[in-house]
**Q** 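Pasting a structure here, questions to come.
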Amino acid sequence: MVWPTLTRGLAEALRAAGIDVADRVERIELQIPREPDHGDWTTNVALTLAREAKRPPRAIAEAVAKAFPLAGGPFAAVEVAGPGFLNFRYGDAFLAALPARIASDGTTFGRSEFGRGTACLVEYVSANPTGPLNVVNARAAAVGSTLVRLLEAIGHRAEGEFYVNDAGRQVDLLGASLAARFAERAGIARAFPEDGYQGAYLRDLAAALPEAEARAALARPDGTAWFRDAALERVIEWQRRDLEAYGVTFARWFRESSLHASGAVDETLRALEARDVVYRAARPEVGGDEDEPEAAQGEATWLRTSRFGDEKDRVLVRANGVPTYLLPDIAYHRDKRARGFRHGIDIWGPDHHGHITRMQAALAALGAEPDFLEILIAQQVNLLSGGQPVKMSKRAGEFITLRDLMDDVGADCAKFFFLMRSTSAHLDFDLDLAKRQNDENPAFYVQYAHARIASVLRYAAERGLAASGEATPSAELEIPEARALIRKLATFPELVRGAAVMREPHRVPTYLVETAAAFHRFYHACRVVTDDAARSRARLAIAAAARQVIANGLALMGVSAPERMERAAEAAT
RNA sequence: GCGCCCGUAGCUCAAUUGGAUAGAGCGUUAGCCUCCGGAGCUAAAGGUUACAGGUUCGAUUCCUGUCGGGCGCACCA
């Protein structure tokens, strides 16, 4: 990997130039410029250090350029440009050796040790076990699973986890809804609960219940618990199965109920009390609304989140003695730390973004490191069909599910579309476009490049030709399209590092589209399989390297890299 | 009213933790197959980065304000 050697070389050159950056080597900004004229790597250290060094940036840059140890490294030249940028250019030897190196690295090309084995926990989807998964869950699943793979790729120990809210009011309501549906079937009068779950899936579920047992439960005063448990296990299993079909699995499905059972919830409350951030009162000491009639509900237990950046204090335990969702949630994050994770990343839906400050405040109140928890919001998804928004009503239980989406456009395509956009941005998902198996669909564009290369490699193999394991001859390296492709492939490790560090999975598909385009240009400029065996083998090595990088990138996304693609039967023309 | 997200080509979106001349796809227009997959390639056109200030060597990026879109503001999750 180029990044560490470049960093070390720069630190050494800066020291020679009289500037010591020993303690902040990793903060040196290194970038791959988008403008090819600016070299293969660039840094602005001379500009950022000019002020403290009290020297003009260009003077620093000149000194660094002179002292930079080029010998034995990937670079052949370093130039000073503009106001004081340092631009590094790969030597031909480095580029020539790259295809063979990618071949030998195989699926590990792009990986690094940047994360030094730090344990990270990514919590995502974590949908309530009250119904099918929706499209935002689908988006979060694509983003979260990719994030786990990205973190692993840069050397973290990363795990994905699904937090199941299988306790509390929502699941009780689910039980009551199911009981009502069963009663309805059995011809027993029973009111459907207000705000109950309307979805048709509960009717199906009610039909599948063991008749006698359900009737008995219905007759008992505490019978909804039976229906709740029945519904819960069924729904969780559906969710797990759908996610599996989608290609997303978790290291652990963590049950909220286990926190109650183990006493972790009570323990967390005591830990907070010990830190003197809890009080009992009828209304909050900070942030209360004067005309809140709810104040009459009696004394609740409050957490002083307002001391840690929240606008008001929050209820941990209701006046009736039942904890709000917040307390077990704090217990859950406390548990993550106790399990040895040094860093947690949560991916939440758009309806939870108002909860970020209170969660962070709660963890601060607990004494957690300020950067322990990072929360990403997987923004809203608007489905478009025929150019019109698809109408959905969560209340009535009418919405497009993850399962519908997979049936409609396929898991690969759905994931690719979700990952194309930055997580925090609203997303318009054009179902018609995603369904189209043609050139308008970027998922197919990338997969097609992979299949096309695989096809060329097969064609070559039939003629007894295989990729060369030798350095690329300079005659090939001088072809602009070949050189551009190899340079693009060389940036993959840095792309992976950047996407992981910045928590921006969307950089991967963006890169893959560019890489696929670079390959297609190479393909058009250079016939790969010719009568010239040596040349053919060299070009096969370049093509094979491109295939490997595209495959590695698609693997990060959890999208398949097909060896061949059947053209779907053209619609009547 | 308060908080958060967003505003970039006709449309959907990028722009590498403040970098150099803001880029792709679709759509439009004009081209490219005796040859390895044309699901491809080449070129043209398309921009006051919503608006107004500020910070600095440098702002699509950071800060303030205005306008517009979305979401959230429970002793629900």
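Note that this is a predicted model, so its numbers are computed, not measured. These values consider heavy atoms only, across backbone and side chains, with no hydrogens, waters or symmetry-generated copies.
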**Q** Map A/Arg521 and A/Glu299 onto RNA chain B by nearest heavy atom, then report which one ends up closer to the 5' terminus.
**A**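 Its nucleotide being nearer the 5' end, the pick is A/Arg521.
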**Q** Within the structure shown, what part of the strands sits under 4.0 Å from A/Leu47 by heavy-atom distance: base, sugar-phosphate, or nothing?
**A**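 Touches a base.
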**Q** Distance check needed: B/rG72 P versus A/Trp348 CH2, whole Å only.
**A**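 In whole Å, B/rG72 P and A/Trp348 CH2 are 16 Å from each other.
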**Q** Could you tell me whether A/Ala81 contacts a base, only the sugar-phosphate backbone, or nothing, with contacts defined as non-hydrogen atoms closer than 4.0 Å?
**A**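 Base, at least one base atom sits under 4.0 Å.
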**Q** List in chain and number order the residues that pass side chain to side chain contact (heavy atoms under 4.5 Å, CB included) with A/Pro480, two or more places apart in sequence or in another chain; answer none if no residue qualifies.
**A**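 Listed in chain order: nothing, the list is empty.
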**Q** Work out how far the C1' atom of B/rU28 is from that of B/rC11, and round it to whole angstrom.
**A**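 The same atom, C1', in both gives a distance of 12 Å.
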**Q** According to ring-ring contact (aromatic ring centres under 6.0 Å, His included), who are the partners of A/His352, at least two apart in sequence or on a separate chain?
**A**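 So A/His352 forms a ring-ring contact (aromatic ring centres under 6.0 Å, His included) with A/His355.
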**Q** Would you please name every residue forming a side chain to side chain donor-acceptor pair (under 3.5 Å) with A/Glu161, sequence neighbours left out?
**A**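 If we apply the side chain to side chain donor-acceptor pair (under 3.5 Å) test to A/Glu161, skipping adjacent residues, the hits are A/Arg252, A/Tyr332, A/Arg339.
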**Q** In whole Å, measure the gap between the C1' atoms of B/rA14 and B/rU49 for me.
**A**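 13 Å, rounded to whole Å.
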**Q** With rounding to the closest Å, how many angstrom separate the C1' atoms on B/rC13 and B/rU34?
**A**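 Here B/rC13 and B/rU34 have their C1' atoms 41 Å from each other.
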**Q** May I have the distance from A/Ile356 (atom CD1) to B/rC4 (atom P), rounded to whole angstrom?
**A**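 So the two atoms are 10 Å apart, to the nearest Å.
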**Q** I'd like to know if A/His353 reaches the base of B/rC71 with its side chain such that a donor and an acceptor end up less than 3.5 angstrom apart.
**A**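 In this structure, the two groups form a donor-acceptor pair.
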**Q** Quantified in whole Å, what is the P atom distance between nucleotide B/rA22 and nucleotide B/rG47?
**A**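 About 13 Å, rounded to a whole number of Å.
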**Q** Roughly how many Å is it from OH in A/Tyr325 to P in B/rC75, rounded to a whole number?
**A**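 That distance rounds to 10 Å.
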**Q** What integer number of Å spans the C1' atoms of B/rU16 and B/rA74?
**A**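 It comes out at 42 Å once rounded to the nearest Å.
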**Q** Please classify the nucleic acid contact of A/Arg169 as base, sugar-phosphate, or nothing, using heavy-atom distances under 4.0 Å.
**A**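 Result for A/Arg169 = sugar-phosphate.
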**Q** For A/His352 and B/rC5, what is the distance between atoms NE2 and P respectively, to the nearest whole Å?
**A**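 Rounding to the nearest Å, NE2 of A/His352 and P of B/rC5 are 17 Å apart.
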**Q** Contact class for A/Arg51 (heavy atom, under 4.0 Å): base, sugar-phosphate, or nothing?
**A**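 If one applies the 4.0 Å heavy-atom cut-off, A/Arg51 turns out to touch the sugar-phosphate alone, with no base involved.
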**Q** Rounded to whole angstrom, note down the C1' distance from B/rA50 over to B/rG70.
**A**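 Rounded to whole Å, the distance is 16 Å.
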**Q** Check for me: is A/His38 stacked on B/rA20 by the 5.5 Å centroid and 30° plane-angle rule?
**A**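 The base of B/rA20 is stacked with A/His38 (centres under 5.5 Å, planes under 30°).
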**Q** Please classify the nucleic acid contact of A/Asn87 as base, sugar-phosphate, or nothing, using heavy-atom distances under 4.0 Å.
**A**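 Base, at least one base heavy atom under 4.0 Å.
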**Q** Once side chain to side chain contact (heavy atoms under 4.5 Å, CB included) is applied, do any residues pair with A/Arg421, and if so which ones, sequence neighbours excluded?
**A**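 Scan of A/Arg421 (side chain to side chain contact (heavy atoms under 4.5 Å, CB included), adjacent residues dropped) gives A/Arg139, A/Leu427.
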**Q** What residues, two or more places apart in sequence or in another chain, satisfy side chain to side chain contact (heavy atoms under 4.5 Å, CB included) together with A/Leu457?
**A**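 If we apply the side chain to side chain contact (heavy atoms under 4.5 Å, CB included) test to A/Leu457, skipping adjacent residues, the hits are A/Ile453, A/Leu540, A/Ala544, A/Arg547.
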**Q** Any idea which of B/rG37, B/rC5, B/rC57 is nearest the A/Pro83 side chain?
**A**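 Taking heavy atoms from C-beta onward, the closest nucleotide is B/rC57.
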**Q** Quick one: which protein N/O atoms are closer than 3.5 Å to N/O atoms of nucleotides 11-18 of chain B? Pair and distance per line, please.
**A**
residue, atom, partner, partner atom, Å
B/rU12, O2', A/Arg421, NH2, 3.3
B/rC13, OP1, A/Asp428, N, 2.9
B/rC13, O2', A/Arg421, NH1, 2.2
B/rA14, OP1, A/Ser422, N, 2.8
B/rA14, OP1, A/Ser422, OG, 3.1
B/rA15, OP1, A/His506, NE2, 2.9
B/rA15, O2', A/Arg34, NH1, 2.1
B/rU16, O2', A/Arg507, NH1, 3.4
B/rU16, O2, A/Ile32, O, 3.4
B/rU16, N3, A/Ile32, O, 2.2
B/rU16, O4, A/Ile32, O, 2.8
B/rU16, O4, A/Arg34, N, 2.5
B/rU17, OP2, A/Gln31, NE2, 3.3

**Q** Verify whether the ring centers belonging to A/Tyr445 and A/His520 lie closer than 6.0 Å.
**A**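 Yes; A/His520 has its ring centre under 6.0 Å from that of A/Tyr445.
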**Q** As a test of the definition: with a 90° window around 0 for syn, would you call B/rC33 syn or anti?
**A**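 Because its glycosidic torsion lies within 90° of 0, B/rC33 adopts the syn conformation.
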**Q** Does any donor-acceptor pair link the side chain of A/Thr42 with the base of B/rA20 at a separation under 3.5 Å?
**A**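 For A/Thr42, whose side chain was compared with the base of B/rA20, there is a donor-acceptor pair (under 3.5 Å).
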**Q** Test your reading of the model: is there a side-chain donor-acceptor pair from A/Thr324 to the backbone of A/Val315, 3.5 Å cut-off?
**A**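 Here the side-chain-to-backbone pair exists.
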**Q** Tell me, please, which residues at least two apart from A/Phe519 pass ring-ring contact (aromatic ring centres under 6.0 Å, His included).
**A**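 Listed in chain order: A/Tyr523.
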**Q** Rounded to whole angstrom units, what separation is found between the CD atom of A/Gln360 and the C1' atom of B/rC4?
**A**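 The distance from CD of A/Gln360 to C1' of B/rC4 comes to 14 Å, rounded to the nearest Å.
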**Q** Measure CZ/A/Phe162 against P/B/rA77 and give the value in whole Å, please.
**A**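 Computing the A/Phe162:CZ to B/rA77:P distance gives 17 Å.
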**Q** Given Watson-Crick or G-U pairs with both distances under 3.5 Å, what dot-bracket string fits RNA chain B, with | for other-strand pairs and [ ] for crossing?
**A** (((((((..((((.....[...)))).(((((.......))))).....(((((..]....))))))))))))....
**Q** OP1, OP2 of B/rC35 versus side-chain N and O of A/Thr530: anything below 4.0 Å?
**A**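 Answer no for this pair, as no side-chain N or O of A/Thr530 is under 4.0 Å from OP1 or OP2.
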**Q** Whole angstrom is fine here: how far is it from CD1 in A/Ile28 over to P in B/rG19?
**A**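 Nearest whole value for this atom pair: 17 Å.
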**Q** According to the 5.5 Å centroid and 30° plane-angle thresholds, does A/Tyr445 stack upon the nucleobase of B/rG25?
**A**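 No, A/Tyr445 does not stack on the base of B/rG25.
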**Q** Tell me what A/Tyr459 touches on the nucleic acid: a base, only sugar-phosphate, or nothing, going by heavy atoms under 4.0 Å.
**A**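 Sugar-phosphate, backbone atoms only, no base.
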**Q** Is a side-chain donor or acceptor of A/Tyr511 paired with a backbone partner of A/Lys488 at a separation under 3.5 angstrom?
**A**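 Flag set: sc A/Tyr511 to bb A/Lys488 pair under 3.5 Å.
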**Q** So which one's nearest nucleotide on RNA chain B is more toward 5', A/Val513 or A/Thr357?
**A**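 Nearest-nucleotide comparison on RNA chain B picks A/Thr357.
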**Q** Nearest 0.5 angstrom please: A/Arg34 CZ to A/Asp37 CG, how far?
**A**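 Rounded to the nearest 0.5 Å, the CZ-CG separation comes to 13.5 Å.
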**Q** Using the ring of A/Trp302 (Phe, Tyr or Trp, six-membered ring only), decide whether A/Arg280 places NZ or CZ under 6.0 Å from its centre and within 45 degrees of its axis.
**A**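 Because its charged atom misses either the 6.0 Å distance or the 45° angle limit, A/Arg280 does not stack over A/Trp302.
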**Q** Less than 4.0 angstrom between a side-chain N/O of A/Tyr523 and OP1 or OP2 of B/rC35, yes or no?
**A**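 For A/Tyr523, the contact criterion (side-chain N or O under 4.0 Å from OP1 or OP2 of B/rC35) is not met.
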**Q** Would you please name every residue forming a side chain to side chain contact (heavy atoms under 4.5 Å, CB included) with A/Ser536, sequence neighbours left out?
**A**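 A/Ser536 satisfies side chain to side chain contact (heavy atoms under 4.5 Å, CB included) with A/Leu465, A/Thr530 only.
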**Q** Calculate the interatomic distance between A/Gln380 atom CD and B/rG7 atom C1'; express it in whole Å.
**A**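 Going from CD in A/Gln380 over to C1' in B/rG7 covers 15 Å.
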**Q** Distance check, C1' atoms only: B/rG69 and B/rU55, in whole angstrom units.
**A**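 Result for the C1' pair: 28 Å, nearest Å.
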**Q** Expressed in whole Å, how much space separates the P atoms belonging to B/rG68 and B/rU8?
**A**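 B/rG68 and B/rU8 have their P atoms separated by 16 Å.
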